[in-house]
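Reviewing the structure listed below.
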Amino acid sequence: MIEDNYKQRGLRNKLVKKLQEKGISDQRVLTAIGKVPRHAFFDDALLNHAYEDKAFPIGEGQTISQPYTVAFQSEKLDVKPGCKVLEIGTGSGYQAAVLIEMGAKVYTIEYNRKLYERTKDFLPLLGYKPNFFYGDGSKGLPAKAPFDRILVTAGAPVVPTALTDQLADDGMLIIPVGDRERQKMLKITKKNGKLTQQEYDYFAFVPLLGDQGWKH
Ligand code: SAM
């Protein structure tokens, strides 16, 4: 059983307030972040940093995204209860947990075998049970398509056509696209088969690898 004490709940409430100050206003996102015990995703050595608004290493050269980034992407994704969501880049599983708290039915895919194995074993211990997949998410997850929402949590060089192809009608894709240093957050919406694009701020993600991602 993971301990979630008074101190940790207090730090989590402070984090939620900070995210509000930074402009996150979707109550469903704030409530979800207020519920997920972020400290449970941290090694003992980094435990004191769990509720800082920063990204942290999770091993295998990968990171648990900054809470603001998770909140921003979750807000833009506009998840409704029952939405079928594909997350690309399972990582620690924190973002998947937030989406589940928002009522989404989550499919999550990870390209790093060790992280996939670790998170598939760990996340259900917290009560979060997305559908886990191992593989190259730059190609989406054709066997389970279409998706109401697709969320990419690694930086892509281009928008993979496989992902827009796997969007349901009225579906939405949130993806950071740019070079290896920084990426612009894009929202791509499909309506009657037609795609429209909205652009937001720059972020800095680890690279999306694979067939329609970076080659190394
Ligand atoms: N969503 C994660 C979380 O909540 O902890 C953070 C994700 S981390 C910033 C990016 C993840 O994308 C890494 O775990 C990386 O291994 C994974 N990744 C990179 N390329 C991928 C691909 N083609 N398919 C699936 N996952 C990929």
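All ligand and atom numbering here is 1-based and tracks the order in the structure. Excluded from the calculations below are hydrogen atoms, water molecules and symmetry mates; all remaining heavy atoms, backbone and side chain alike, are included.
Residue A97 places every heavy atom at 4.0 Å or more from ligand 1.
Contacts with ligand 1 closer than 4.0 Å are made by no heavy atom of A96, backbone or side chain. With a 4.0 Å heavy-atom cut-off, ligand 1 is reached by the side chain of Q62 but not by its N, CA, C or O. Only backbone heavy atoms of T90 (N, CA, C or O) come within less than 4.0 Å of ligand 1; its side chain stays farther off. Heavy atoms of V206 found under 4.0 angstrom from ligand 1 belong exclusively to the side chain. Using a 4.0 Å cut-off between heavy atoms, I109 contacts ligand 1 through its backbone alone, with no side-chain atom that close.
Taken to the nearest 0.5 Å, the NE2 atom of H39 stands 10.5 Å off from the NZ atom of K7.
Nearest non-hydrogen protein atom to atom 12 (O) of ligand 1 is G89 CA, 3.3 Å. Here the heavy atom of the protein found nearest to atom 19 (C) of ligand 1 is P207 O, 3.6 Å. Scanning all protein heavy atoms for the shortest distance to atom 5 (O) of ligand 1 gives S92 OG, 2.6 Å. Nearest to atom 16 (O) of ligand 1 among the protein's heavy atoms is E110 OE2, 2.5 Å. What sits closest to atom 24 (N) of ligand 1 on the protein, heavy atoms only, is G137 N, 2.8 Å. Scanning the protein for heavy atoms near atom 8 (S) of ligand 1, the closest one is T63 O, 3.3 Å. Nearest to atom 25 (C) of ligand 1 among the protein's heavy atoms is Y111 N, 3.4 Å. The protein non-hydrogen atom at the shortest distance from atom 23 (N) of ligand 1 is L209 O, 2.7 Å.
Shown in contact with S138 at under 4.0 Å from a heavy atom are these atoms of ligand 1, numbered in order with element: 23 (N). Atoms of ligand 1 found under 4.0 Å from any heavy atom of Q95 (numbered from 1 in listed order, with element): 1 (N), 4 (O). Annotation for ligand 1: atoms under 4.0 Å from non-hydrogen atoms of G135 are 24 (N), 25 (C). Per-residue contacts place L208 under 4.0 angstrom from the following atoms of ligand 1 (heavy atoms of the residue considered): 20 (N), 21 (C), 22 (C), 23 (N). In summary, the atoms of ligand 1 found under 4.0 Å from a heavy atom of Y94, numbered by their order in the structure, are 4 (O). In the vicinity of I64, heavy-atom distances shorter than 4.0 Å reach the ligand 1 atoms 5 (O). When each atom of ligand 1 is checked for a heavy atom of L115 under 4.0 Å away, the hits are 14 (O). Near T153, meaning under 4.0 Å from any of its heavy atoms, are these atoms of ligand 1: 1 (N), 7 (C), 8 (S), 9 (C), 10 (C).
Checked for salt-bridge contact, K191 and D170 meet the test: a charged N lies under 4.0 Å from a carboxylate O. A salt bridge links D78 to R28: one of the charged nitrogens lies within less than 4.0 Å of a carboxylate oxygen. Ion pairing between E21 and K17 fails under the 4.0 Å rule for side-chain N and carboxylate O.
Relative to atom 1 (N) of ligand 1, the option among E87, E60, Q73, R113 with the closest non-hydrogen atom is E87.
Between Y116 and F132, the distance from one ring center to the other does not fall under 6.0 angstrom.
For the 3.5 Å distance criterion, the side chains of S138 and Q212 fail to qualify, holding no donor opposite an acceptor. S74 and Q95 share a donor-acceptor pair across their side chains, judged by distance under 3.5 Å alone.
Contact between G137 and I88 at its shortest, heavy atoms only, is O-CD1, 3.3 Å.
In terms of polar-atom proximity, S65 is not counted as a contact of ligand 1, lacking any N or O under 3.5 Å from an N or O of the ligand. Where the criterion is an N or O separation shorter than 3.5 Å, residue side chain and backbone included, D136 meets it with respect to ligand 1.
The only option from F56, F122, Y94 that meets the ring pair (Phe, Tyr, Trp, His ring centres under 6.0 Å) definition with F42 turns out to be F56. For the salt bridge (Lys or Arg N to Asp or Glu O under 4.0 Å) with D53, the lone residue among K22, R38, K18, R12 that qualifies is K22.
By the 4.5 Å heavy-atom criterion applied to side chains, K54 and H49 are not counted as neighbours.
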From CA spacing to verdict: ring pair (Phe, Tyr, Trp, His ring centres under 6.0 Å), Y111, Y134 = CA-CA 6 Å; Y111 205 24; Y134 166 64; 7.3 Å; no
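The backbone N or O of A145 lies less than 3.5 Å from no partner atom in the side chain of Q166, so there is not a single donor-acceptor pair. Under a 3.5 Å cut-off, the side chain of N13 and the backbone N or O of V16 do not form any donor-acceptor pair.
For the pair K76 and Y200, the distance from NZ or CZ to the six-membered ring centre is under 6.0 Å and the angle to the ring normal is within 45 degrees.
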